[in-house]
2 protein chains.
Amino acid sequence: MSVARPTIHDVAARAGVSKSLVSLALRGSPAVADASRTAILAAAAELGYRPNAAARSLAARSSRTVGVLVLDLHNPVFAEVLDGVLAEVRAHGYSTMVVTGLDPAIQTSEIDKLLEFQVEGLVLVSHRLAAAAVRAIATETPVAVVTRGDITGPGIDTVRNDDRLGAHLAVEYLVGLGHRRIAHIGGGDDPVAADRELGYRQAMVAAGLAQQVRVLPGSLDDAGGHGAATLALASRPRPTALFVANDFAAMGAMAAAVDAGLRVPRDVSVVGYDGTQLGALRSIGLTSIAQPLTEMGRLAAEGLFARIEGRRRRAQNLVLPAEVVVRSSTAPPAPARTE
Amino acid sequence: MSVARPTIHDVAARAGVSKSLVSLALRGSPAVADASRTAILAAAAELGYRPNAAARSLAARSSRTVGVLVLDLHNPVFAEVLDGVLAEVRAHGYSTMVVTGLDPAIQTSEIDKLLEFQVEGLVLVSHRLAAAAVRAIATETPVAVVTRGDITGPGIDTVRNDDRLGAHLAVEYLVGLGHRRIAHIGGGDDPVAADRELGYRQAMVAAGLAQQVRVLPGSLDDAGGHGAATLALASRPRPTALFVANDFAAMGAMAAAVDAGLRVPRDVSVVGYDGTQLGALRSIGLTSIAQPLTEMGRLAAEGLFARIEGRRRRAQNLVLPAEVVVRSSTAPPAPARTE
DNA sequence: TTCCTGACTTGGAGCGTTCCAATTCAGGGT
DNA sequence: ACCCTGAATTGGAACGCTCCAAGTCAGGAA
């Protein structure tokens with residue numbers, strides 16, 4: 001391609017000043033005389049000069065970049081969190097390097113790359129790393145974990161919603177509608193899913209429905225929700241409502257209901273978790289426990305900057321409220337029949 | 001955080017060799033004696049040495065990184081394209097820097113950042129840049145554009161599907177089912193959407209249905225599809241099938257049908273475009289014209305490396321086939337009534 | 001005039017690597 | 001004993017920038 005990009009030297013030569021002054025002018029130092037500044041900017045524009053980030057990073061001993069690891073870009077949850085992170089990072093004039101990987105091994109290698117780039121902080125959105133790995137990373141650079149709160153330590157901020165409380169909200173909402181046979185479709189061994197399941201159990205007991213507790217093992221995706229819901233809906237007495245571990249799986253559960261010849265919400269109500277924009281699509285209309293995903297991303301980044309800029313030293317563990325967002329997948333149960 | 005990371009000098013001192021040999025050993029040069037290599041690797045491990053990417057990039061005059069711009073991470077189309085890009089880039093031992101931005105101004109500033117990082121190539125997934133801007137970028141670094149083929153020039157590869165042909169497939173498939181009143185929900189002024197609309201018109205004429213051509217202006221999202229479909233379904237005679245500009249909008253259209261008291265596919269068939277995993281969700285089951293999204297991403301990256309490595313100089317414009325993926329949103333039209 | 005001051009400007013020393021030419025050194029051939 | 005060779009290793013010069021101590025220079029005070 002283009003041979004030899006112009007450097008700061010070329011700009012200096014063209015403007016008839018020293019490279020140091022060019023550096024100063026380009027970074028907006030007020031000490032530069034107006035005439036010099038004008039000449040330098042003109043020369044830079046004429047040459048199509050573009051600063052070399054690697055050189056700047058090396059010389060300034062600062063990359064002005066934060067890294068972000070997201071579990072899976074297919075799940076819209078992560079896109080929403082990312083919105084918040086990116087906006088906040090941009091507001092601070094930093095760059096973001098985004099990497100992904102479902103597999104922990106890939107996650108580790110991607111994080112290594114970020115650290116080699118000398119990122120000044122790391123946001124982990126739903127990682128699958130071992131606690132020891134996260135703590136090790138936190139000794140090198142500030143870390144903020146979004147959606148999980150189970151790993152803490154010096155240098156590790158967390159931002160999450162209270163999944164247990166969210167599950168309570170779901171159960172209470174369904175109970176309020178008149179449901180009693182409320183089954184839960186679990187999300188596998190994910191720590192977040194475990195909390196939601198626990199919250200479900202506690203809330204059922206608190207509502208005097210200990211007898212009705214029913215948990216079907218599923219997973220956090222479409223297929224898992226479909227499979228578990230199929231089983232749940234085939235059992236007798238059939239549940240009148242399903243509280244599913246996340247929106248993605250809830251969509252599978254809704255399909256399972258249709259496949260079983262049931263109508264949502266007339267025959268069975270479905271509640272998801274996350275409050276993704278996906279569930280808000282008109283053809284889905286999923287009632288869900290909504291987390292403030294974008295805000296969580298924003299807060300994670302904000303917290304990171306507080307540490308990068310030395311405004312805070314202690315780790316911060318934020319817990320944000322979740323709320324029931326009612327759409328069209330829930331309704332009071334059909335009047336009791338002789339089941 | 002951690003003060004002063006160990007450098008190659010520290011490793012050299014610890015292993016009792018010169019920094020040059022450390023550099024050689026770390027990069028796996030066969031010229032290094034086994035004993036030295038072992039000592040160096042051990043020293044590096046003990047110190048927790050991590051190479052500095054900025055320094056390497058500067059000294060080697062190569063960042064071994066490619067940049068990727070995606071329009072919008074919320075649309076699963078892009079996640080699928082990204083899968084292909086990331087896999088191919090990783091296979092070449094390069095890193096990827098992903099940036100996003102719906103707004104052309106943000107896209108431009110993000111691309112500037114990528115260029116400052118000295119990326120060695122750029123993949124643009126559904127950008128919204130002016131042709132002149134893309135051509136300017138292509139003078140600095142190889143560019144591959146995915147999903148659009150309207151901007152060409154030296155240094156610009158394109159990978160897309162034939163949207164016009166895909167639209168033909170959709171119409172022919174619906175005609176084959178027996179549909180005649182097939183309306184099209186357009187996707188706005190996007191060049192991709194324009195091709196799909198054109199293909200629809202041509203295919204209708206080719207099928208002898210010139211009289212039935214009906215195009216409703218919409219957009220490439222849920223709301224646009226919903227609005228346009230509502231209008232289409234309210235008109236008389238009502239279309240028996242809707243061919244919608246993309247999957248996202250098609251989901252809105254399906255919802256509009258339900259809202260109008262119609263059932264899909266009994267009363268109206270819906271065909272989308274893109275073949276996203278979203279449409280494959282069990283509760284949606286959208287028939288769609290599927291593009292090989294991941295493969296397109298992979299090919300774009302592969303083409304980029306062909307240019308980075310100097311194996312090819314001329315621009316390449318790939319057009320991949322699309323295919324009808326039949327799911328549950330289409331069926332033969334209901335037997336004709338006296339409409 | 002001389003000195004001082006403050007506003008600008010500058011050269012050079014890094015930053016942590018890679019790359020290259022040059023050096024060392026053991027062993028084999030003579 | 002001497003030269004040659006090739007394998008292994010090395011020092012130093014970049015790479016393009018930032019940062020700092022030091023320099024220049026006009027104009028005002030003495």
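Ranking C:dC15, D:dT10, C:dT17 by closeness to the A:A59 side chain, first place goes to C:dC15. Ranking C:dG16, D:dC17, C:dT17 by closeness to the B:K19 side chain, first place goes to C:dT17. Closest contact between the side chain of A:R27 and the listed nucleotides C:dT9, D:dT18, D:dC15 involves D:dT18.
Between B:A33 and B:A55, the one whose closest nucleotide on DNA chain D sits nearer the 5' end is B:A33. The residue among A:G16 and B:A60 whose nearest nucleotide of DNA chain C lies closer to the 5′ end is A:G16. In terms of position along DNA chain C, the nucleotide closest to A:V17 lies nearer the 5' end than the nucleotide closest to the other residue of the pair A:V17 and B:P51.
Rounded to an integer number of Å, the gap from A:N52 CG to D:dG16 P is 7 Å. Going from atom CG of A:L26 over to atom C1' of D:dC17 covers 11 Å, rounded to whole Å. Look at CG on A:L21: it is 9 Å from C1' on C:dT10, rounded to the nearest Å. As a whole-Å value, the separation of B:R64 CZ from C:dT18 P is 11 Å. Atom CZ in B:R61 sits about 8 Å away from atom P in C:dC19, given to the nearest Å. Atom pair B:I8:CD1 and D:dG12:P shows a separation of 16 Å (rounding to whole Å applied). Here C:dT17 presents its P atom at 9 Å from CG of B:D10, a figure rounded to the nearest Å. Straight-line distance from the CG atom of A:L58 to the P atom of C:dA13: 17 Å, rounded to whole Å.
Checked for salt-bridge contact, B:K113 and B:E116 miss the test: no charged N lies under 4.0 Å from a carboxylate O. Between B:E120 and B:R64 there is no salt bridge, since no side-chain nitrogen of the basic residue lies less than 4.0 Å from a carboxylate oxygen of the acidic one.
Residue-level contact check: A:R37 touches neither bases nor backbone, having no heavy atom under 4.0 Å from any strand.
At D:dT10, one or more side-chain N or O atoms of B:S18 fall inside 4.0 Å of OP1 or OP2 (strictly under the cut-off). Note on B:S23: a side-chain N or O is less than 4.0 Å away from OP1 or OP2 of C:dT18. Using a 4.0 Å cut-off, no side-chain N or O of B:S20 falls inside it from OP1 or OP2 of D:dT10. Within the 4.0 Å cut-off from OP1 or OP2 of C:dC8, not a single side-chain nitrogen or oxygen of A:S36 is found.
B:R56 places no side-chain N or O within donor-acceptor distance of the main-chain N or O of B:P51, the cut-off being under 3.5 Å. Put simply, the side chain of A:T294 gets close to the backbone of A:E80: a donor and an acceptor are under 3.5 Å apart.
B:F305 and B:H92 have parallel rings, their planes meeting at less than 30° on a 0 to 90° scale where 60° marks the start of perpendicular.
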